[in-house]
Participant: 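Quick one: the structure is below, and I'll ask about it shortly.
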Amino acid sequence: MTSTPETPSTHSAPEPPRSAPDVDGVSDEDVTGWRRMHPVTPALKGWKVLVAVLAIGWFQVGENIEQAIDLLHGPAFLALIGGILLIGLIGFGYSAIAWRVTRFAVTDEAVHLRTGILFRQQRQARLDRLQAVDVVQPLLARLVGLAELKLEVAGGSGSAVSLAFLREADAEALRAELLALSAGLQRPGSVPVAPPADGAEADAPAPVAPVPFEVAPERQVYELPMGRLVRATLRSGAVPVLLLVAAGAITLAVVSRDISAAFVLVAPLFAGVTFVWSRINQGANFRAAISPDGIRLRHGLTEARAQTVPPGRVQAIRLRQGPLWRGPDWWRVEINVAGYGQGDQQQRDTVLHPVATRDEAMTALWLVLPDLGVQDPTELVTAALTGRDDDGGFTPAPRRARWVDPVGWRRHGVRVTERALVTRSGRIWRSVDVVPHERTQSLGLEQGPIQRRLGLASFVLHSTPGPVSPRVNHLDAAVAAELLDEQAERARNARATATPEQWMRAVGAPTPAVPNPVPTTAPAGEVPGAGSTVPTGPTTAPAGEVPGAGSTGSPVPPAAGADG
Amino acid sequence: MTSDAVPGTREPFDPTDVTWTPVSSRLVGARLTVTAIVLAPILVLLVLLAVLVGAAWLWAFPAVVVLLVLWILWLVPRQVRALAYAERADDLLVRRGIMFRSLVVVPYGRMQYVDVNAGPIARKFGIASVQLHTASSATSASIEGLPPHEAARLRDRMASRGEARLAGL
């Protein structure tokens with residue numbers, strides 16, 4: 001089975017939005033430079049088939065191993081070995097054929113990927129829609145120095161483009177290339193499409209860079225010590241539950257004088273241990289860095305991941321703290337990025353900091369939103385994290401909200417700044433959400449019968465799928481309605497002045513200098529890695545422009561109509 | 001109960017500068033037809049059972065179903081009356097519910113795609129539904145019970161406005 005490039009292939013790529021400029025001018029035949037994955041790929045992927053089959057077999061006989069062993073004397077045993085070998089052969093053979101037909105190519109606008117043996121698939125991911133680039137190294141691949149490159153485009157689950165496996169250095173070079181192209185930089189030697197803004201690019205290194213794009217310089221912002229991760233995981237909510245379950249199992253066994261009674265609780269015990277292990281495994285060696293390409297996150301004990309989220313791709317951010325983390329003042333920081341799916345994968349990909357101290361939480365917030373749009377960001381964040389009522393200019397829920405939420409009503413609150421909406425909730429499980437105005441998708445207002453009687457309403461902000469779903473419960477109905485109106489207006493204005501998808505187009509080429517990441521002293525208007533802030537078009541103001549330049553016309557009052 | 005239970009000075013689900021377009025009342029017929037299709041066989045079966053067995057207490061089950069039908073007969077017209085939408089210059093508002101109210105504001109620039117659906121029953125009643133999708137799965141902006149020409153007009157209008165105000169994600 002050979003792959004002929006002329007074979008018409010099914011076009012199952014995520015449809016680009018109807019209104020987007022057409023990139024299909026680059027048809028399949030025009031794309032040159034098709035490349036293959038590393039030849040060791042089938043050896044790494046074939047394993048999975050064998051492991052899966054063995055695991056299924058193990059679970060099948062798991063109940064009665066002795067009987068299974070009895071059956072496996074003489075010819076039956078040989079047949080089993082033969083079967084395993086055959087399955088392995090099929091697995092590796094399939095992977096080898098799959099490898100032969102898999103090719104990818106990178107053009108200035110898109111990444112093309114062809115896969116499939118029986119059902120051909122061609123996928124085209126537009127680079128200006130790139131949401132994140134991950135370099136993933138599972139344990140086996142890591143041992144042989146290979147890596148998988150994953151491109152997230154915001155097309156829902158299964159829309160990621162996975163290039164597996166490449167040599168580690170190649171993967172990193174390719175990542176730099178993709179990020180530079182998606183930032184709107186020109187490939188050296190090609191004719192610029194748009195005339196470059198002279199001021200912005202005259203002394204920039206990018207246009208004259210050597211053929212492989214330079215890897216953007218980066219500066220580490222924080223890292224998570226292993227000790228803190230372990231201590232924090234042991235203090236997470238799962239562990240007390242786990243201890244209770246274990247105690248219950250022992251009590252049960254002692255009372256009933258039958259050890260087998262304890263086995264009822266094996267399943268929850270196993271689930272708890274798995275949870276603790278996955279938290280530690282994913283959070284190990286967690287490091288965050290900042291570069292002109294965006295935020296770099298590296299983590300993982302067995303499977304090493306290096307995520308890059310370009311500027312402006314974080315849709316929302318949440319800081320959370322359970323009751324057991326209150327003593328050491330630790331916070332878990334999570335983000336919404338379009339394209340990072342839900343479920344298991346989400347748990348792993350959407351963490352900006354697994355266990356942050358107060359200062360690190362501030363830094364993490366600053367990474368996403370260099371400018372909160374207030375004079376004193378520290379005061380705002382402190383009020384959001386631990387404050388209640390109208391601390392720090394928050395609009396709280398009115399006193400009558402205690403009838404619907406007797407425990408947490410004093411924590412419900414919202415504060416609107418020039419750049420973002422900050423919501424606060426939870427007295428025992430504290431939670432703070434921040435959404436930049438230009439990332440607002442849609443807004444909603446909800447009211448149940450009791451809320452209606454009390455004159456309350458809940459304000460909901462819809463963000464892309466992810467761990468952050470901002471809402472403010474039980475606001476005064478009139479305040480909530482006003483907030484809805486104003487927020488729609490603010491989001492519209494912010495969108496009009498937001499950075500374009502190709503972020504370097506707005507802020508010029510990167511300079512090697514990376515700003516000093518000190519959250520509290522960072523100049524308000526600075527974009528990470530942005531050397532100069534010269535807009536190339538009339539409607540594109542850089543993200544870090546001083547507030548007021550075309551954004552919300554009037555200064556936002558700290559509390560939009562606080563209740564009396 | 002409370003001294004500070006001040007009702008909102010202004011109706012939060014009814015902004016002043018907005019003219020609401022209600023959906024077609026034919027939606028009531030469509031929804032009740034669906035209910036009838038589901039509940040009628042159940043009712044018949046339960047009545048048959050009660051008649052055949054002859055025990056008096058078995059009539060309680062069909063009675064419950066009849067009560068349910070009465071409740072739905074009362075509820076559906078209310079729900080349909082509450083469902084309305086409004087087109088503003090830059091966004092679309094969708095309002096629904098009387099007991100549990102919700103109001104959604106969808107900016108045109110955030111619209112990713114628009115669905116128009118019409119099932120067999122809806123087609124019989126001459127209505128269609130329009131659903132707006134943003135990059136957020138939480139956006140629940142669907143308008144049922146639109147006349148087909150209105151659904152088509154809304155769809156085209158949304159698409160063209162979305163295009164004019166496109167801003168990526």
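Here is how names work: the chains are called A, B, and so on, in the same order as the sequence lines, proteins then strands, and each is numbered from 1.
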Participant: Side chains of A/Leu461 and A/Arg471: closer than 4.5 Å at any heavy-atom pair?
Facilitator: no
Participant: Looking only at heavy atoms, what is the nearest atom pair of A/Pro310 and A/Leu179, with distance?
Facilitator: CG-CD2, 3.9 Å
Participant: Looking at A/Asn336, A/Val460, A/Leu456, A/Thr440, which makes the most heavy-atom pairs under 4.5 Å with chain B?
Facilitator: A/Thr440
Participant: Does any backbone or side-chain atom of B/Arg88 lie under 4.5 Å from a heavy atom of chain A? Answer side chain, backbone, both or neither.
Facilitator: side chain
Participant: Who pairs with B/Thr21 by side-chain contact (heavy atoms from CB on, under 4.5 Å), at least two apart in sequence or on another chain?
Facilitator: B/Tyr85
Participant: Can you list the residues that meet the side-chain contact (heavy atoms from CB on, under 4.5 Å) rule with B/Ala122, with sequence neighbours excluded?
Facilitator: B/Ile127
Participant: Shorter than 4.5 Å, heavy atoms on both sides: which option in A/Ala480, A/Ser469, A/Ser463, A/Ala491 has the most such pairs with chain B?
Facilitator: A/Ser463
Participant: Most heavy-atom pairs under 4.5 angstrom with chain B, which of A/Glu446, A/Gln451, A/Arg313?
Facilitator: A/Glu446
